[in-house]
Amino acid sequence: MLTADAVRSALERATVRTAGRRRLAWAVIAQPDLLTGAGYEAPTPAILRFISELVQAGATTVVNPACFR
């Protein structure tokens with residue numbers, strides 16, 4: 001399990017702007033399965049970066065999508 005700080009750091013590396021972070025958060029809230037294999041449906045590339053950052057940080061339930069855009 002990742003700490004809140006690890007998730008926040010992943011988010012900050014995935015997108016720099018506050019508006020981009022909001023869009024990323026809204027997308028994940030609306031479609032949580034983006035983090036468990038459906039990332040290929042991501043409405044923004046920042047989600048793919050976020051997934052990658054979470055996996056690199058050691059997340060075990062977050063899955064890179066089978067096919068990146």
Side-chain angles (χ1 to χ4, degrees):
M1 184 168 182
L2 295 179
T3 65
D5 286 337
V7 174
R8 190 175 318 122
S9 292
L11 179 61
E12 289 170 355
R13 286 189 301 274
T15 183
V16 177
R17 297 177 187 232
T18 303
R21 291 178 186 152
R22 263 191 225 114
R23 280 192 299 276
L24 191 154
W26 291 334
V28 171
I29 289 168
Q31 221 178 336
D33 58 329
L34 290 172
L35 301 179
T36 57
Y40 61 88
E41 295 178 352
T44 177
I47 293 173
L48 298 176
R49 291 191 299 269
F50 184 55
I51 291 169
S52 179
E53 291 291 340
L54 290 173
V55 169
Q56 288 178 24
T60 57
T61 58
V62 176
V63 178
N64 278 313
C67 178
F68 284 108
R69 288 185 188 176

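Nothing fancy with the numbering, it's 1 onward along the sequence.
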Problem set entry | Atom pair CD (Gln31) and CD (Glu41), whose distance is rounded to the nearest 0.5 Å | 5.5 Å
Quiz: residues 14-26 side-chain donor-acceptor pairs under 3.5 angstrom, not counting sequence neighbours:
from: Arg21; atom 1: NE; to: Thr15; atom 2: O; distance (Å): 3.0
from: Arg21; atom 1: NH2; to: Thr15; atom 2: O; distance (Å): 3.3
from: Arg21; atom 1: NH2; to: Val16; atom 2: O; distance (Å): 3.2

Seminar exercise, completed: So salt bridge (charged side-chain N to carboxylate O under 4.0 Å, His left out) across residues 29-38, not counting sequence neighbours, yields none
For this session: Kindly indicate whether the side chain of Leu34, heavy atoms from C-beta on, has any atom under 4.5 Å from the side chain of Pro43.
Result: yes
Listing, residues 1-11 side-chain donor-acceptor contacts under 3.5 Å, not counting sequence neighbours, or none:
from: Thr3; atom 1: OG1; to: Ala6; atom 2: N; distance (Å): 3.1
from: Asp5; atom 1: OD1; to: Arg8; atom 2: NH1; distance (Å): 3.1
from: Ser9; atom 1: OG; to: Asp5; atom 2: O; distance (Å): 3.0

Problem set entry | Ile51 and its side-chain contact (heavy atoms from CB on, under 4.5 Å) partner, picked from Val62, Thr36, Val63 | Val62
